[in-house]
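First comes the structure, then the notes that go with it.
Just so you know, ligand 1 is whichever comes first in the structure, and atom 1 is the first atom listed for that ligand. Values in this document were obtained by computation on a predicted structure and should not be read as measured data. Quick note: numbers below take in every heavy atom, side chains included, and nothing from hydrogens, waters or symmetry partners.
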Amino acid sequence: MEPMNNQEKLLRKLPGVDRILECIQVEQEYADTPKSVLVDAIRFVIEKKRSDILQTRLSDDLTIDQLMSDIRQKIATIMKPNLRRTINATGVVVHTNLGRSLLAREAIEQVLEIASNYSNLEFDIEKGRRGLRYSAVENILCEISGAESGMVVNNNAAAVLLCLETMAKGKEVIVSRGELVEIGGSFRIPDVMARSGCILKEVGTTNRTHPGDYEEAINENTGLLLKVHTSNYTITGFTADVSLPEMVKIGKKHSLPVMEDLGSGTFIDFSRYGLTREPTVQDSVRAGMDIVTFSGDKLLGGPQAGIIVGKKEIIEKIRKNPLTRALRIDKLTLAALEGTLRLYRDPRNAVQCIPTLRMITDSYEQVRQKADQLAGVLEELHDSRLVLSLKTISSKTGGGALPILNIPSAGVGIRIQDMTADSIEKAMRAHDPAIIGRIEEDLYILDLRTVQDDEFSIIVDALKNILA
Ligand SMILES: *Cc1c(COP(=O)(O)O)cnc(C)c1O
């Protein structure tokens with residue numbers, strides 16, 4: 001008989017799935033773990049070992065302890081939800097990849113109430129018959145924005161598509177060349193236009209568009225004049241664009257509807273908080289725009305939603321569009337949106353209660369104080385390998401809002417002996433919950449503007465682990 005080589009020896013050592021399952025199933029810890037999860041984890045780890053052995057990647061001997069420890073880790077990974085809490089220490093308040101907006105407590109309470117009970121979602125309690133899904137938010141939308149009518153769909157991209165399709169399918173839509181934006185995640189005005197069956201008619205130039213450009217482009221096949229808020233860039237220098245009242249005037253003269261995609265959309269005048277003024281929804285309604293669309297989860301600070309406000313007659317038509325059913329808003333979102341919108345009745349209250357607004361309007365001093373506190377708590381780890389520094393940095397609102405604005409912020413810079421900024425970033429990200437910071441000039445920094453007060457202990461734990 002030929003002597004077995006090391007590879008064969010190792011392969012023989014691999015136990016069968018059933019044998020491991022028997023051992024692990026009787027453990028108290030896994031009494032409530034579904035069998036399918038145990039089997040998947042065991043299979044995965046055994047397969048991995050087999051392939052490591054075959055590719056001679058297994059550096060040392062195979063021990064049953066190591067195998068079991070890998071399996072336990074895999075079970076834990078499978079059992080963890082995929083969508084989970086993350087700590088945003090990037091300073092980008094409306095961070096699309098990290099979930100954009102945190103809901104206000106009032107909005108969460110409304111979601112809980114509606115999610116766990118039957119509701120009048122599409123039922124008119126007074127009349128005892130079928131009602132409209134949009135009634136939950138229509139009145140409050142009109143109250144805050146001053147519009148005649150309003151409705152909501154899945155997100156703003158859907159709102160734009162739906163409005164274009166309803167008002168101008170098969171017709172030309174006139175847009176300034178300076179406003180043909182692309183929003184991250186492949187929302188591009190020309191593409192949405194094509195998808196809604198409209199024909200894009202570009203006017204003006206990248207930096208300058210005049211009222212005469214719209215006038216000249218209007219013909220018998222024109223269906224709509226569209227203004228798009230350039231949410232994620234600004235054009236500076238020798239520029240000109242057509243104001244809302246001017247657009248409304250041209251629309252009226254030619255009996256054409258005028259629509260605005262506000263993108264972020266806010267009800268708050270940020271200039272009152274020392275920030276750049278963003279055009280508000282009220283501005284657009286007051287200027288006489290027929291239809292205005294905006295997001296629920298950007299500067300508004302609510303759930304993902306596409307809000308449409310404007311003239312009653314047009315909103316009626318949009319409601320009747322079969323696409324509306326395909327793009328309709330879910331009841332949990334509707335509950336969260338109502339809970340958020342109600343806070344806007346008192347703008348000062350909104351700024352206090354809606355986390356997105358609070359984080360954007362927090363002063364530098366407030367954020368600096370948080371940075372001081374965090375640094376203080378971390379000092380108490382008394383580890384000479386940890387070097388902390390306080391940094392004055394800039395946060396961004398993000399989410400295609402207040403485009404080029406940097407808000408002065410404060411951060412804690414973290415250096416650890418024998419670790420690069422990249423490896424600190426990686427280790428913080430590997431923590432559970434993951435902590436997402438940023439790196440500037442080779443320094444790992446936590447921007448405190450977006451870190452919540454109750455998250456300090458998580459950051460301390462993560463650093464403790466890293467130093468251990
Ligand atoms: C963000 C944005 C959109 C897309 O809104 P979602 O709610 O993310 O679908 C559309 N238009 C503009 C101008 C935007 O800024």
Query raised in the report: Would you call Glu455-Arg85 a salt bridge at under 4.0 Å N-O?
Result: yes

Query raised in the report: Do Glu122 and Arg130 meet the salt-bridge criterion of a basic N to acidic O distance under 4.0 Å?
Result: yes

Report task. May I ask whether Asp261 places a heavy atom under 4.0 Å from ligand 1? Result -> yes

Query raised in the report: Given Asn156, Thr230, Asp297, which has its nearest heavy atom closest to atom 3 (C) of ligand 1?
Result: Asn156

Query - Arg277 side, atom CZ; Ser271 side, atom OG - distance, nearest 0.5 Å - result: 5.5 Å

Query raised in the report: Of Lys312, Lys311, Lys227, Lys252, which meets salt bridge (Lys or Arg N to Asp or Glu O under 4.0 Å) against Asp290?
Result: Lys311

Taking 4.0 angstrom as the limit and counting only heavy atoms of [X], give me the atoms of ligand 1 inside it, by number and element.
X	answer
Ser295	5 (O), 6 (P), 7 (O)
Ala157	4 (C), 5 (O), 6 (P), 9 (O)
His229	13 (C)
Arg100	6 (P), 7 (O), 8 (O)
Lys298	1 (C), 2 (C), 3 (C), 5 (O), 14 (C), 15 (O)

Requested in this report: Report the C-alpha separation of Met79 and Val37 in whole Å, then their side-chain angles, then the decisive distance to 0.1 Å, and conclude whether the side-chain contact (heavy atoms from CB on, under 4.5 Å) test is met.
Outcome: CA-CA 8 Å; Met79 289 302 280; Val37 172; 3.9 Å; yes

Query raised in the report: So do the side chains of Arg368 and Thr392 get within less than 4.5 Å of each other, counting heavy atoms only?
Result: yes

